[in-house]
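In what follows, a structure is listed as structure tokens, so that the remarks can point back to it.
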Amino acid sequence: MKVRVRFAPSPTGFLHIGGARTALFNWLYARHTGGTFILRIEDTDAARNTQEAVDVILDGLRWLGLHWDEGPLTGEATGPCKGERGPYFQSQRRENYQRRVEALLARDLAYEHDGAIRFRMTREPIMIPDLVVGNVTRELTDREKLEPDFILIRSDGQPVFHFVNVVDDLDMGITHVIRGEDHLSNTAKHVALFRAFGVEPPKYAHIPLILNIDGTKMSKRDKGASLTTYVEEGYAPEAVVNYLCLLGWSPKQNREKLPIREVIELFDLPQILRHNARFDINKLHWLNGEYVREMDRDRYYELAVHALARIGIDTNKFPLDYIKAALDTCKEKIKLFSEVKIFADFYFKDAVDFETDPATEFPPEVRSRLARLREAFAASPAFDAATLEKTLKAVVVELGIKSGLLVHPVRMAATGRPVGPGLYQLLEVLGRDRVLARLDRVLKI
RNA sequence: GACCCUAUCGUCUAGCGGUUAGGACACCGCCCUUUCACGGCGGCGGCACGGGUUCGAUUCCCGUUAGGGUCGCCA
């Protein structure tokens with residue numbers, strides 16, 4: 001039987017990083033088995049669902065590269081979808097729920113109470129077979145013993161999550177339910193519902209949750225809980241995906257960075273770890289740097305230019321060769337694309353922004369040294385990195401000082417920052433005119 | 001409160017009865033580099049606790065503790 005898995009998020013306006021990982025694991029399993037990855041939007045709560053909220057999910061999955069085989073093509077609930085088992089929005093599946101609840105009512109497996117429809121839940125413990133956790137026997141909690149039956153359809157006619165979730169999985173032919181462990185306890189209800197419909201439930205795989213670094217649960221408000229954070233802070237999607245793979249799953253062999261192609265080959269449900277993982281931004285940061293350094297140049301330029309645009313720098317005003325040369329000096333240095341602000345903004349500004357007071361940054365003795373260097377730079381026969389280095393070192397010898405006393409002030413004068421790309425490389429890219437102008441500005445203090 | 005899941009360095013993990021408990025991130029030194037980053041070398045640091053089972057437990061069982069989850073006319 002062909003594997004059919006689904007990611008079924010509720011459009012809340014953001015895509016939780018844990019949800020992204022759930023989607024990833026579903027996608028990986030589908031790709032590993034040659035199965036079908038389905039995206040279903042659980043928009044039963046019409047009041048707070050908007051097309052924009054759905055778009056956040058679609059955009060997030062697309063950004064991660066988790067393309068679905070069946071599901072919506074746009075965020076519009078009545079819009080186009082692909083796949084034969086639609087609609088893929090729960091708000092469009094009302095007849096299915098109605099038909100299913102009537103079947104239950106007809107066999108007295110459900111009943112009306114106070115205008116709502118309840119399911120006759122078994123009083124016996126239910127065994128949940130789980131590919132990750134093993135066989136779990138769920139007994140009723142004391143509250144449930146008081147009232148084991150649960151609502152299927154609210155008195156306002158709206159079906160509830162447990163019901164629509166099961167009906168859709170059934171109608172869509174879902175074979176494996178891969179979801180967060182927060183659903184494990186409730187799976188007893190789902191198993192009972194499947195049996196009431198006369199079918200065996202799909203295989204379950206409850207994956208551990210992602211917690212904050214301090215072990216607390218990641219709520220909407222926690223920084224880093226939303227996938228958007230990583231998009232905005234300049235992470236590369238392939239790095240985020242790779243990092244997410246490492247949370248609750250391991251490729252073994254002491255491997256950390258590996259292409260998704262290999263993950264697809266190695267990934268399987270029984271090997272998923274059973275304990276929760278904490279999200280360590282440090283490791284993602286490191287991994288992202290690895291990806292940036294090994295990234296294809298054109299993709300790197302594209303992402304870097306995009307990051308510059310985010311901070312209001314329009315690179316279109318500059319020649320392509322200049323942009324590329326400037327970004328080349330940063331490729332081995334930055335770990336995050338948001339770092340282009342520190343490492344490259346000065347290439348694209350008319351004047352440097354000093355973070356500290358230029359007057360104290362460039363006291364008279366520093367200025368006199370810079371003045372000498374300016375002369376040497378102006379007279380230099382060429383303006384390439386190697387020549388610049390020779391020229392600067394000659395001035396250092398002439399002045400009888402340590403090179404740091406000249407190197408640091410030039411960097412500061414040219415870029416406005418104490419850190420950045422290699423000095424001689426950046427001076428070469430900036431070019432003689434800009435460099436002399438920036439030195440002149442400092443000398444006029 | 002009841003029910004369920006979980007427990008290896010600070011973090012992610014390898015391990016699946018006998019290992020000097022391995023790797024990665026982070027951190028700390030040194031080297032490289034007159035920035036930063038990369039790279040190289042070294043260091044710090046772990047089997048939550050208590051009982052069993054066994055010749056022998058990080059590994060198997062039970063308990064405790066701790067963390068997480070669930071018990072909605074939320075999803």
Side-chain angles (χ1 to χ4, degrees), chain A residues 8-12 19 42-45 48-49 90 113-118 125 128 130 132-134 136-148 150-162 164-165 180-189 206 208-218 243 245-257 273-287 289-290 292-293 330-335 339 342-343 389 392-393 396 402-408 410-412 415 417-423 426:
Chain A
S10 177
T12 56
E42 305 224 331
D43 60 340
T44 50
D45 189 353
R48 72 180 187 208
N49 294 327
Q90 287 185 332
H113 179 76
D114 287 349
I117 296 173
R118 293 176 168 273
I128 303 161
D130 190 287
V132 173
V133 191
V136 176
T137 302
R138 224 330 281 278
E139 288 184 36
L140 273 67
T141 66
D142 52 4
R143 268 177 95 110
E144 287 168 334
K145 280 173 186 158
L146 259 35
E147 180 49 273
F150 58 92
I151 305 284
L152 259 23
I153 309 283
R154 291 192 280 253
S155 50
D156 66 359
Q158 286 288 330
V160 304
F161 165 76
H162 298 300
V164 295
N165 191 262
E181 198 202 80
D182 49 339
H183 289 291
L184 182 57
S185 290
N186 283 147
T187 303
K189 292 176 182 164
H206 285 93
L209 269 21
I210 297 178
L211 309 178
N212 290 315
I213 193 70
D214 63 0
T216 56
K217 93 167 145 181
M218 212 180 240
Y243 178 69
C245 287
L246 264 23
L247 255 29
W249 177 80
S250 170
K252 316 268 176 95
Q253 300 160 333
N254 291 335
R255 303 232 284 144
E256 311 286 335
K257 179 174 184 281
L273 276 317
R274 285 171 286 278
H275 58 267
N276 295 341
R278 303 179 187 204
F279 196 94
D280 185 2
I281 192 72
N282 279 325
K283 190 155 181 174
L284 205 209
H285 191 242
W286 162 77
L287 196 54
E290 296 287 304
V292 170
R293 265 187 296 121
C330 313
K331 189 165 186 286
E332 312 297 310
K333 306 269 184 177
I334 63 167
K335 287 185 175 179
E339 290 171 34
I342 324 172
F343 278 78
E389 181 169 3
L392 184 141
K393 285 186 171 161
V396 162
K402 294 193 173 210
S403 53
L405 291 176
L406 204 45
V407 167
H408 298 303
V410 192
R411 171 185 294 285
M412 185 56 76
T415 73
R417 292 203 170 83
V419 299
L423 179 63
L426 79 84

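All chains are named by letter (A, B, ...) in the order of the sequence lines, taking the proteins before the strands, and each is independently numbered beginning at 1.
- Take A/T187 and apply the side chain to side chain contact (heavy atoms under 4.5 Å, CB included) test, not counting sequence neighbours, and it matches A/I128, A/R179, A/V191, A/Y204, A/H206.
- The side chain to side chain contact (heavy atoms under 4.5 Å, CB included) search around A/H275 returns A/L273, not counting sequence neighbours.
- Taking the ring pair (Phe, Tyr, Trp, His ring centres under 6.0 Å) definition, one finds that A/F150 meets it with A/F119, sequence neighbours left out.
- To the nearest whole angstrom, the two C1' atoms, one in B/C28 and one in B/C9, are 15 Å apart.
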Review item, nucleotides 10-15 of chain B N/O atoms under 3.5 Å of protein N/O:
{"residue": "B/C12", "atom": "OP1", "partner": "A/R278", "partner atom": "N", "Å": "3.0"}
{"residue": "B/C12", "atom": "O2'", "partner": "A/L246", "partner atom": "O", "Å": "2.9"}
{"residue": "B/C12", "atom": "O2", "partner": "A/K283", "partner atom": "NZ", "Å": "3.3"}
{"residue": "B/U13", "atom": "OP1", "partner": "A/G248", "partner atom": "N", "Å": "2.4"}
{"residue": "B/U13", "atom": "OP2", "partner": "A/H275", "partner atom": "NE2", "Å": "3.2"}
{"residue": "B/U13", "atom": "O2'", "partner": "A/S250", "partner atom": "OG", "Å": "3.4"}
{"residue": "B/G15", "atom": "OP1", "partner": "A/K252", "partner atom": "NZ", "Å": "3.2"}

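- Contact annotation for A/H162: base contact, defined as any heavy-atom pair under 4.0 Å involving a base atom.
- With P as the reference atom, B/G42 and B/C5 are 44 Å apart, rounded to whole Å.
- B/G52 and B/G43: their P atoms are spaced 38 Å apart (whole Å).
- Looking at A/S155, its side chain comes within 3.5 Å of the base of B/C73 through a donor and an acceptor atom.
- Under 3.5 Å, the side chain of A/K189 and the base of B/U70 form no donor-acceptor pair of N or O atoms.
- Remark: the separation of the P atoms in B/G18 and B/C60 is 11 Å, to the nearest Å.
- Protein atom CD1 of A/I334 is 11 Å distant from nucleotide atom C1' of B/A37, rounded to whole Å.
- Taking A/F343 as the reference, nothing meets the ring pair (Phe, Tyr, Trp, His ring centres under 6.0 Å) condition, with sequence neighbours excluded.
- The interatomic distance linking A/H206 (NE2) with B/U70 (C1') rounds to 11 Å, in whole Å.
- For A/R255, the salt bridge (charged side-chain N to carboxylate O under 4.0 Å, His left out) criterion is met by A/E262, not counting sequence neighbours.
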